[in-house]
A.B. asks: 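Encoded as structure tokens, here's the structure I'll be asking about.
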Amino acid sequence: MRSLLRGVLPRLLCILAFVTAGWAMPALAQRTMLAQGMYPRAVQLSHNATPANNGRIVVSFTTFTGGSGIQPIYASDDNGTSFTQIGTITDPLFSRGLCCGTLYELPQAVGALSAGTLLWAGSVGGDTPANPMQIRIYKSTDRGATWSYLSNCATGTVNRSAGGLWEPEFTIAANGALVCFYSDETVTGFSQMLQQVTSTDGLTWTAPVRTVASGVAADRPGMAVVRKLPSGRYFMTFELCGPAGCTVFYKTSPDGINWTPAGSVGARVESEDGHWFLHTPTVAWAPVPGLANGRIFLIGQIESGASGIGSGNGNVVFYNDTADGSGKWKTMAAPAPIAGLTGTSNVCQNYSPPLLPLAGGTTLFGMTTDYDSSNVCRVYFGKVPTYASSPTLTLGADAIGVSLNQSASGNVTVTPSGGYLGTLKLTVSIPNFNGTASFDHDTLTFTGAAAQTAKLTLRSGTSTASASGGSSGFGGLPAMAFIGSVPLLLLASVLRKAVGMAALAAILALSGCGAASRGDSAGSIVTPPIPTKYTATITATDTTNAAIKATVTTQVTLYN
């Protein structure tokens, strides 16, 4: 991937800067155009000492004006619906080639830097072959409005012509140190590796330590993004270019510093349907309601697989609900999709698109870059819910066996696929069953992917209709007579008036309703009544959207 950036990126954007403005493609109305630029990053402020100052979304991206690189800073105070430019990071050195910026909010104090301080870092000097490149850091203490130079976390040991430093990334390690990761192509014997340095004040930095340095000399691990998980482990994604074709891999660390062994490239991120991302991955984590581990979101430039480019190319995000990102990943819609994305990487379309969970993980904000109709590279943004708006609901119910004039219970379980926010109302129908049916709670409220269970209790009446043609407790009288005790008594009253008590007794005896049906005085054995079978239909329906529902049937057996 880096071969695309060596000298090409700054010159490309300088040319693009002179092209007239374009517009967002109507086919992608769900995304909104922000400005001309590339390589966007986003954070939502949450660590400022003044609570009212939190919640703002701050974004950065790189653009070039008159051949000089600048870093515009935009902000949204309406949860990512609209943005306004609030600041700009400039430096005379940016004209020498600016690339690959990162944006980070300090979650805790580092030296004199208070929690809530914003840091931005980028690669500087990409087009100065006779000078070393730098990873320069700038800080803002007023939520992104003004910026000042802080320090270099890395400076090349060789001139740019012999290799560069790229793609910085920050995290706070378990020991409280600020860690700066970057891609380094200046080490002899390695095409490129990931390195890291640490600082306790943001000003002075340790010597570099290898994070991912493959034993395959042609491997080029780069573009690291790191997030801390609730387990305390740190999750890193990166692209592995070279022989691996820029496939997205991941590694984990117990403390944000030790990623041993450095020679290991970790594992490939792969979806359940056998796809993976190529190029420019980013990752985010959110405490999604109902999920013990929260959720990890991951995106890359191109979706590929064993059979070629995936059908979700440019339109999907992977997610994982495990404690460490292991196993197969599921897919969901991308917040800012790209239409017509091919399998060939370029330095604009979907290049390093950041993800930012909002509203406690129930919404996923995303940014991307794409060419407009005038072939200008522009930044776009959009949002999608992290739960399916029309989830697949799996409804299961236990079979229930109940005795005449008794009660019995069974579980009804609803499992949403992909997560669901909403409330379901449970109803049950059991044709011809004489009795009552009740749930211990007939509404189920979901805040995630976890299953919910209610208990269904049935109580049979003193008599009931035959739904299976088997014997009822009342011999061969018509089934309609056994819907309830009241119709039965009414029928008996009619018969008594019509034929008299003697005739009625004879009818009952002939029908088998006398003592002989239970065994006569001589102790003869009579076959027990055949259990009566019914079908219970249970339905779970969303209380606000009737189109979201699931139905299941189960068997009810009445033991007469």
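If you're wondering where the values come from, they're calculated on a predicted model, not measured in any experiment.
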A.B. asks: Holding to ring-ring contact (aromatic ring centres under 6.0 Å, His included), I want the full list of residues that pass it with Y387, two or more places apart in sequence or in another chain.
C.D. replies: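 None.
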
A.B. asks: Determine the minimum heavy-atom distance between R143 and V58, stating which atoms define it.
C.D. replies: O-CG2, 3.9 Å

A.B. asks: Just by distance, with hydrogens left out, do T532 and N560 show a side-chain donor and acceptor under 3.5 Å apart?
C.D. replies: yes

A.B. asks: Could you check whether any side-chain heavy atom of K328 comes within less than 4.5 Å of a side-chain heavy atom of E270, counting everything from C-beta outward?
C.D. replies: yes

A.B. asks: Does any N or O in the side chain of H275 come within less than 3.5 Å of the main-chain N or O of S311, such that one atom is a donor and the other an acceptor?
C.D. replies: no

A.B. asks: Between F365 and A42, which heavy-atom pair has the shortest distance, and what is it?
C.D. replies: CE2-CB, 4.2 Å

A.B. asks: Of all the heavy-atom pairs spanning V212 and P221, show the shortest one and how long it is.
C.D. replies: O-CG, 3.5 Å

A.B. asks: Sub-3.5 Å donor-acceptor pair from the side chain of Q452 to the main-chain atoms of P416, do we have one?
C.D. replies: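 Absent.
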
A.B. asks: May I ask you to say whether R378 pairs ionically with D370, meaning some side-chain N is under 4.0 Å from a carboxylate O?
C.D. replies: no

A.B. asks: Are the side chains of Q301 and Y351 in touch, meaning some heavy atoms are under 4.5 Å apart?
C.D. replies: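 In short, these two side chains touch, coming nearer than 4.5 Å.
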
A.B. asks: I want to check something: taking the side chain as every heavy atom from C-beta on, are Q349 and T342 in contact at a cut-off of under 4.5 Å?
C.D. replies: no

A.B. asks: Indicate yes or no: at least one non-hydrogen side-chain atom of W285 is less than 4.5 angstrom from one of R295.
C.D. replies: no

A.B. asks: Do the side chain of E239 and the main chain of C246 share a donor and acceptor less than 3.5 angstrom apart?
C.D. replies: no

A.B. asks: Who are the side chain to side chain donor-acceptor pair (under 3.5 Å) partners of N79, not counting sequence neighbours?
C.D. replies: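 Partners of N79 by the side chain to side chain donor-acceptor pair (under 3.5 Å) criterion come out as none, since no residue qualifies.
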
A.B. asks: Centres of the F277 and F318 rings: under 6.0 Å?
C.D. replies: yes

A.B. asks: Spell out, as yes or no, whether a donor-acceptor pair under 3.5 Å connects the side chain of Y380 to the backbone of I338.
C.D. replies: no

A.B. asks: Ignoring hydrogens and geometry, is there a side-chain-to-backbone donor-acceptor pair from T247 to A244 under 3.5 Å?
C.D. replies: yes

A.B. asks: Between K383 and G366, is there a donor-acceptor pair closer than 3.5 Å when you use the side chain of the first and the backbone of the second?
C.D. replies: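 Answer holds: no.
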
A.B. asks: Would you mind reporting whether V226 and F238 have side-chain heavy atoms less than 4.5 Å apart?
C.D. replies: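 A side-chain contact under 4.5 Å is absent here.
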
A.B. asks: Could you give me the CA-CA distance, side-chain angles and deciding distance for Q555 and T557, then say whether side-chain hydrogen bond (donor to acceptor under 3.5 Å, both in side chains) is met?
C.D. replies: CA-CA 6 Å; Q555 181 175 288; T557 303; 3.1 Å; yes

A.B. asks: So, does D255 use its side chain to make a donor-acceptor pair with the main chain of A174 at under 3.5 Å?
C.D. replies: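 No: the side chain of D255 does not pair with the backbone of A174.
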
A.B. asks: For S76, check side chain to side chain contact (heavy atoms under 4.5 Å, CB included) against everything at least two apart and list the hits.
C.D. replies: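 I57, D78, F83.
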
A.B. asks: Answer yes or no: is there a donor N or O on one side and an acceptor on the other, between the side chain of N54 and the main chain of H47, under 3.5 Å?
C.D. replies: yes

A.B. asks: Distance check, rounded to the nearest 0.5 Å: T50 atom OG1 versus L45 atom CG?
C.D. replies: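 Going from the OG1 atom of T50 to the CG atom of L45 covers 12.0 Å.
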
A.B. asks: Is it the case that the ring center of F170 lies less than 6.0 angstrom away from the ring center of F181?
C.D. replies: no

A.B. asks: Quick one about T457 and S409 (side-chain donor to acceptor, distance below 3.5 Å, no hydrogens or angles considered), yes or no?
C.D. replies: yes

A.B. asks: Would you say the rings of F61 and Y39 are close, in the sense that their centroids are separated by under 6.0 Å?
C.D. replies: no

A.B. asks: Quick test of your reading of the model: are D324 and R233 salt-bridged, counting only N-O distances below 4.0 Å?
C.D. replies: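 Not counted as a salt bridge, because no side-chain N and carboxylate O are separated by less than 4.0 Å.
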
A.B. asks: Between T280 and S352, is a side-chain hydrogen bond (donor to acceptor under 3.5 Å, both in side chains) present by the stated rule, with each step listed?
C.D. replies: CA-CA 5 Å; T280 73; S352 196; 5.3 Å; no

A.B. asks: Indicate the atoms forming the closest heavy-atom contact of M367 with P353, along with that distance.
C.D. replies: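 Taking every non-hydrogen atom into account, O-CB, 3.1 Å.
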
A.B. asks: Tell me, please, which residues at least two apart from T362 pass side chain to side chain donor-acceptor pair (under 3.5 Å).
C.D. replies: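 Residues passing side chain to side chain donor-acceptor pair (under 3.5 Å) with T362: none at all.
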
A.B. asks: Do L558 and Y534 come close enough that some side-chain heavy atom pair is under 4.5 Å?
C.D. replies: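 Of all side-chain heavy-atom pairs linking Y534 with L558, at least one is under 4.5 Å.
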
A.B. asks: Using a 3.5 Å cut-off and no angle test, enumerate the donor-acceptor pairs between side-chain atoms of residues 539-550 and protein atoms at least two apart in sequence or in another chain.
C.D. replies:
from : atom 1 : to   : atom 2 : distance (Å)
T539 : OG1    : T551 : OG1    : 3.4
D542 : OD1    : T544 : N      : 2.8
D542 : OD1    : T544 : OG1    : 2.9
D542 : OD1    : N545 : N      : 2.9
D542 : OD2    : Y420 : OH     : 2.4
T543 : OG1    : T423 : O      : 3.3
N545 : OD1    : A547 : N      : 3.1

A.B. asks: Any side-chain heavy atom of V283 sitting closer than 4.5 Å to one from I296?
C.D. replies: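 Heavy-atom side-chain distance check passes, below 4.5 Å.
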
A.B. asks: Which pairs pass ring-ring contact (aromatic ring centres under 6.0 Å, His included) with one or both residues in residues 538-560, sequence neighbours excluded?
C.D. replies: none

A.B. asks: Would you find a donor on one side and an acceptor on the other, under 3.5 Å apart, between the side chain of N293 and the backbone of D321?
C.D. replies: yes

A.B. asks: Determine, stepwise, if the pair V317 / L298 fulfils side-chain contact (heavy atoms from CB on, under 4.5 Å).
C.D. replies: CA-CA 6 Å; V317 170; L298 183 143; 5.8 Å; no

A.B. asks: How about N350 and I302: do any of their side-chain heavy atoms sit closer than 4.5 Å?
C.D. replies: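 In short, these two side chains do not touch, never coming nearer than 4.5 Å.
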
A.B. asks: Show the nearest heavy-atom pair for residues A408 and G401, with the distance to one decimal.
C.D. replies: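 Closest heavy-atom pair between A408 and G401: CB-O, 3.2 Å.
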
A.B. asks: Quick check: does any side chain N or O of T171 sit under 3.5 Å from a backbone N or O of A173, one acting as donor and the other as acceptor?
C.D. replies: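 Such a contact is absent between T171 side chain and A173 backbone.
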
A.B. asks: What pair of heavy atoms forms the shortest contact from G222 to L194, and how long is it?
C.D. replies: CA-CD2, 3.7 Å

